[in-house]
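Working notes, structure below.
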2 protein chains.
Amino acid sequence: MSDDSKDTPSGAFIGYETCPVRRTLTVLNGKWKPLIIYELLPAPCRFNELKRRLPGVSQRLLTAQLRSLEEDGIVDRKVMEVVPPHVEYSLSEKGRSLQPVLQAMETWGENEVKNFPIS
Amino acid sequence: MSDDSKDTPSGAFIGYETCPVRRTLTVLNGKWKPLIIYELLPAPCRFNELKRRLPGVSQRLLTAQLRSLEEDGIVDRKVMEVVPPHVEYSLSEKGRSLQPVLQAMETWGENEVKNFPIS
DNA sequence: CGGCATCCTACCTGATACTG
DNA sequence: CAGTATCAGGTAGGATGCCG
């Protein structure tokens, strides 16, 4: 889930490096990643708050996908050494640069209802 | 996945119908769906041609995701009754309306290399 | 050519318990 | 609070092989 451009299986694999959409999808590849980024766009957020805003996610996956986004340089993780612990997640510059992608998704989701109502 | 207005646990469920991004992700949910749409944007395409352009996809998944996109009204499937069979996939109006989303992904994938080179 | 059918694995969730 | 660990169960995805 966190590897990509390395183990390219020999040969006719046009994939990840040459197609910009694939590169984007590699970073966004994870059930909750786009939503996590979307939630972090307006403001940084703590772990449980994020979990609360993403109904359906398990803490296991939320942790894993946050780690993955952190590795990809999309999300920053700031730990305050206090009791009780306080961990704040925020978007990096690179993460914020994804805003147009999420924006386009948001716009489509809104228009879809107007143009093609779900009965 | 199709209902939620009923079991909304008192307010805190931002879920599928109220969050436009979630709605979009529901339609694009599938490893190859965005890429399929991306490939169909310029022109309609036959099954094996599509398969050839998406290295790494299995025909099982390609079939399944095309069916799913068809059900969601994103993709049109046209069968020519000839020998050998000729099946052409194209984007519906609704499918073409996703262009800005794919466009944003493409742009980000391109800029990502310039702004944050992959070593 | 464009699929199904089958089998099998990897991933995701849910629940619960435990740590610093 | 913010995780990690574990197990069960479900679904998505991958690798074949057969068929009209």
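What you are looking at is a predicted structure, and each value in this text was computed from that prediction instead of being measured. Here is the naming used below: chain letters follow the sequence lines, and residue numbers restart at 1 for every chain.
- Atom CD of B/E81 is separated from atom P of C/dG2 by 13 Å (rounded to the nearest Å).
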Let me have the donor-acceptor pairs involving side chains of residues 57-64 of chain A, under 3.5 Å, with sequence neighbours excluded, atom names and distances please.
from	atom 1	to	atom 2	distance (Å)
A/S58	OG	A/L61	N	3.3
A/T63	OG1	A/Q59	O	2.8

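- The NE2-P distance, from B/H86 to C/dC1, rounds to 11 Å in whole Å.
- The number of heavy-atom neighbours closer than 6.0 Å to CD of B/E110, taken from other residues, nucleotides and ligands shown, is above 12.
- B/Q65 comes within 4.0 angstrom of sugar-phosphate atoms only, judged by non-hydrogen atoms across all strands, and of no base.
- When the P atom of C/dC12 is taken as reference, atom NZ of B/K31 falls 11 Å away, rounded to whole Å.
- Along DNA chain D, read 5' to 3', the first and last nucleotides having any atom under 4.0 Å from a heavy atom of chain A are D/dC1 to D/dC7.
- Judged by distance alone, with hydrogens and angles left aside, the side-chain atoms of B/Q65 form a donor-acceptor pair with the main-chain N or O of B/W32 at under 3.5 Å.
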At under 4.0 Å between heavy atoms, how does the protein contact nucleotides 15-20 of chain C? Give one character per nucleotide, 5' to 3', with B, S or -. -B---B
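- The terminal axes of the helix from C/dC1-D/dG20 to C/dG20-D/dC1, fitted over 5 pairs per end, subtend an angle of 50° to the nearest 10°.
- With hydrogens and angles ignored, the 3.5 Å screen pairs no side-chain donor or acceptor of A/T24 with any backbone N or O of B/W108.
- Counting only residues at least two apart or in different chains, salt bridge (charged side-chain N to carboxylate O under 4.0 Å, His left out) contacts with residues 40-50 of chain B comprise B/E49-B/R52, B/E49-B/R53.
- Distance, B/L66 CG to C/dG2 C1': 11 Å, rounded to whole Å.
- No donor-acceptor contact under 3.5 angstrom links the side chains of A/S90 and A/K78, judged on distance only.
- The distance between atom CG of B/L61 and atom P of C/dC4, rounded to the nearest whole Å, is 13 Å.
- Without hydrogens or angle criteria, A/S92 side chain to A/G73 main chain gives a donor-acceptor distance under 3.5 Å.
- Counting only distance, with no hydrogens or angles, the side chain of B/K33 and the backbone of B/N29 share a donor-acceptor pair below 3.5 Å.
- Between A/R67 atom CZ and C/dC11 atom C1' the separation is 19 Å, expressed in whole Å.
- Clustering ILVMFWY residues whenever any of their side-chain heavy atoms sit less than 4.5 angstrom apart, transitively, puts B/L69 in the very cluster that holds B/V79.
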Given the rule in the side-chain contact (heavy atoms from CB on, under 4.5 Å) test, do B/L50 and B/L40 qualify, once you have shown the distances and angles that lead to the verdict? CA-CA 8 Å; B/L50 211 44; B/L40 289 180; 4.1 Å; yes
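- Every residue meeting the side chain to side chain donor-acceptor pair (under 3.5 Å) condition with B/R77, not counting sequence neighbours, appears here in chain and number order: B/Y89.
- Whole-Å rounding puts the A/L35 CG to C/dT13 P distance at 11 Å.
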